[in-house]
Every structure is written in structure tokens, then in C-alpha cells.
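The structure under discussion appears below in the form of C-alpha cells.
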Amino acid sequence: MALNRRQLFLAAPWLAIGLIVALLAFWQMRAPEPARAVQCPDLHQGCSVRLDGRDIALGVDGELRVLKPFQVWVKAPGARAVQAQFTMAGMDMGFNLYTLRPDSAGVFRARIVLPVCVSGRRDWLMSLEIDGRRIELPFVTELS
Ligand SMILES: [Cu+2]
């Protein structure tokens, strides 16, 4: 069965949509980029990281204690989306995902409140996602 021109004309948009769906599915299936581990010995001082050819600075304002708000700041010029997630290795600490919003100076900030760990651990992992690229920073909360 040969398609005439009209049938071809009608089928073309569907073929295009099918191709786009296939491409999106392929995009989703790609393994996510592993997070890059970054050591920042003093988050109060801040650290800088080179990510995707961009210089990014990050740090924390306020005391790093549980149940007490502190601020995470990220200087990532030109970034569109910055999120921070807080986890513990091998332990479900609940849903601690924050979206950082740029302040008037363009510094991305979020106010964070961490929960208490039922087993008394203080070793946290901050996972920062900047435009889809992830870095992971271990830190320890101060004793209350
Ligand atoms: Cu815990």
C-alpha cells in the first residue's frame, strides 16, 4: 500500500510527535549524572567549586544546628534552578528538599530547618543541584 500525498501530509505531524516522544523517552532513560563529592571544611567560610566551566561559591549563614533555621547561599551566576536536599547516608531522614531563590543581589538562598536524627547522628549530606548538575557536600551539625 503506497501512501498518496494527502495521506503523507496527514501522517507527517504524527510522525514528528512520535519522534519527539521517542527522543524524550531516550533522554529520560539516560543514567543520571552522578553527584560530584565536594569537601567544604568550613561552610561558614564558604567554598568555591568549578562546575561545568562555571565558578560557583556556596556556604552557610547561621549556626548549623537541627531545629534551628540557617541559610544556605549559592552564588551561581546565570543559574536557572538551584535546589538543596539534605540526607543521611543509609538513613531515611524524610523529605528535606528546598528551592533556593535569588535575592536582590542574585545570590540564591533558602532558609533550612533540619529535623532531629532519632539515632543521634549529626552527619548530614547536602546535595546541591544547579541546573541539573549535582554536587554533594558532607557536613556535621553542631551540638545543641
Ligand atoms: Cu538520621
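In listed order, ligands and their atoms are each counted from 1.
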Measure the acute angle between the ring planes of W124 and F139, then classify it against the limits of 30° and 60° as parallel, tilted or perpendicular.
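Taking F139 first and then W124, their aromatic rings lie parallel (interplane angle under 30°).
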
Can you spot which of V82, L43, V60 makes a side-chain contact (heavy atoms from CB on, under 4.5 Å) with V72?
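By the side-chain contact (heavy atoms from CB on, under 4.5 Å) criterion, V72 pairs with just one of V82, L43, V60: V60.
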
Using a side-chain heavy atom cutoff under 4.5 Å and only I, L, V, M, F, W and Y, what cluster partners does L23 have?
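Besides L23, the hydrophobic cluster comprises nothing; the residue is isolated.
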
Remaining members of the apolar cluster that contains L24, side-chain heavy atoms under 4.5 Å:
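So far as hydrophobic clustering goes, L24 is joined with I20.
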
Closer than 2.8 Å to the Cu ion (ligand 1) - protein N, O or S atoms, ordered by chain and residue number
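Protein N/O/S atoms under 2.8 Å of the Cu ion (ligand 1): M88 SD, M91 SD, M93 SD, C117 SG.
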
Listed by chain and number, what are the side chain to side chain donor-acceptor pair (under 3.5 Å) partners of E63, not counting sequence neighbours?
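In terms of side chain to side chain donor-acceptor pair (under 3.5 Å), with neighbours along the sequence ignored, E63 is linked to R65, K68.
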
Over 12 foreign heavy atoms within 6.0 Å of CZ, R54:
yes

